Amino acid sequence: GEDVEQSLFLSVREGDSSVINCTYTDSSSTYLYWYKQEPGAGLQLLTYIFSNMDMKQDQRLTVLLNKKDKHLSLRIADTQTGDSAIYFCAECPSGGSYIPTFGRGTSLIVHP
Amino acid sequence: NAGVTQTPKFQVLKTGQSMTLQCAQDMNHNSMYWYRQDPGMGLRLIYYSASEGTTDKGEVPNGYNVSRLNKREFSLRLESAAPSQTSVYFCASSEGGGFQPQHFGDGTRLSIL
């Protein structure tokens with residue numbers, strides 16, 4: 001079955017870049033997502049990438065995909081205190097039930 | 001522009017009580033989901049409904065029942081609440097099929113004493 005692994009915590013200084021890592025196991029073509037959860041709220045989709053892509057950039061966010069190692073990363077440039085949140089990686093097979101598998105989430109703490 | 005609405009936002013129950021968590025979406029989505037979120041455990045799927053009229057078990061269905069009342073509404077029922085069901089419950093919806101990300105409600109924080 002699918003499994004998605006993330007480190008649980010990351011602490012960075014304001015203005016630095018943050019890199020949140022994720023590994024997945026599904027060998028079929030898949031969609032990979034990054035969600036952000038702010039305190040007291042639900043998850044919001046940040047960005048996504050399909051498994052035949054290597055990179056996607058969207059303003060301060062860069063997603064890198066290493067298909068060989070099944071490794072996904074989310075880079076946040078110029079990290080701000082408002083970026084403090086839990087970030088979830090999720091994968092979803094492109095066929096079948098379309099039920100995503102979520103990682104446990106990485107708590108990003110941005111300090112001045 | 002409500003998206004996914006969950007009620008109630010907070011609830012305290014005693015062991016053995018029953019209650020229903022309500023979820024409604026206004027995006028005309030086909031698929032709806034119920035998750036629970038516990039510290040350090042991420043999101044675990046309880047039940048989902050791929051389309052109106054169908055429901056299926058997820059990873060942790062024991063102690064829960066669901067009803068897909070219509071295309072908009074998907075409720076989660078705890079028949080006899082247990083302290084192990086203390087959690088934050090999230091409802092989500094999606095178009096279903098292909099690249100279709102999920103849209104989440106803000107959650108119901110449930111404590112069972």
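Letters A, B, ... are given to chains in the order of the sequence lines, protein chains preceding strands, and every chain is numbered from 1. As the structure is a prediction and not an experimental result, all values here were calculated from the model.
- In this structure, A:Arg104 CZ and B:Arg44 CZ are separated by 9.0 Å, a value rounded to the nearest 0.5 Å.
- Linking Ile, Leu, Val, Met, Phe, Trp and Tyr whenever their side-chain heavy atoms come within less than 4.5 Å leaves B:Phe90 and B:Met19 in two separate clusters.
- Contacts between residues 67-74 of chain B and chain A, counted as heavy-atom pairs separated by less than 4.5 Å, involve no residue at all.
- Using a 4.5 Å cut-off between side-chain heavy atoms of Ile, Leu, Val, Met, Phe, Trp and Tyr, with links allowed through other members, B:Tyr48 and B:Met32 fall into different hydrophobic clusters.
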Side chain to side chain contact (heavy atoms under 4.5 Å, CB included) evaluation trace for A:Ile99 with B:Asp56: CA-CA 11 Å; A:Ile99 303 296; B:Asp56 285 286; over 6 Å; no
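- When all heavy atoms of B:Tyr35 and A:Pro100 are compared, the pair lying nearest together is OH-CG, 3.7 Å.
- Taking a 6.0 Å sphere around NZ of B:Lys9, one finds it holds 12 or fewer heavy atoms contributed by other residues, nucleotides or ligands.
- For B:Arg109, the part lying under 4.5 angstrom from a heavy atom of chain A is the side chain only.
- Residues A:Val4 and A:Ile86 fall within the same hydrophobic cluster, defined by Ile, Leu, Val, Met, Phe, Trp and Tyr side chains chained together at heavy-atom separations under 4.5 Å.
- Cluster membership check: A:Phe88 does not share its hydrophobic cluster with B:Val60, using side-chain heavy-atom separations under 4.5 Å among Ile, Leu, Val, Met, Phe, Trp and Tyr.
- Residues A:Thr101 and B:Leu45 are not in side-chain contact: their nearest non-hydrogen atoms beyond the backbone lie 4.5 Å or more apart.
- Considering every non-hydrogen atom in both A:Gly42 and B:Asp106, the closest pair reads N-OD1, 3.5 Å.
- Atom OG of residue B:Ser94 and atom CG of residue A:Leu45 lie 11.5 Å apart, to the nearest 0.5 angstrom.
- Under a hydrophobic-cluster definition in which Ile, Leu, Val, Met, Phe, Trp and Tyr are linked whenever side-chain heavy atoms come within less than 4.5 Å, directly or via other members, A:Phe102 and B:Leu76 are assigned to different clusters.
- Near-neighbour residues of residues 14-22 of chain A relative to chain B, defined by a heavy atom under 4.5 Å from a heavy atom of that chain, are none.
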Pair A:Gln44-B:His103, side chain to side chain contact (heavy atoms under 4.5 Å, CB included): steps then yes or no: CA-CA 7 Å; A:Gln44 287 186 298; B:His103 298 255; over 6 Å; no
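- Of the two parts of A:Gln6, neither the backbone nor the side chain holds a non-hydrogen atom closer than 4.5 Å to a non-hydrogen atom of chain B.
- A:Tyr35 places a side-chain N or O within donor-acceptor distance of the main-chain N or O of B:Gln102, the cut-off being under 3.5 Å.
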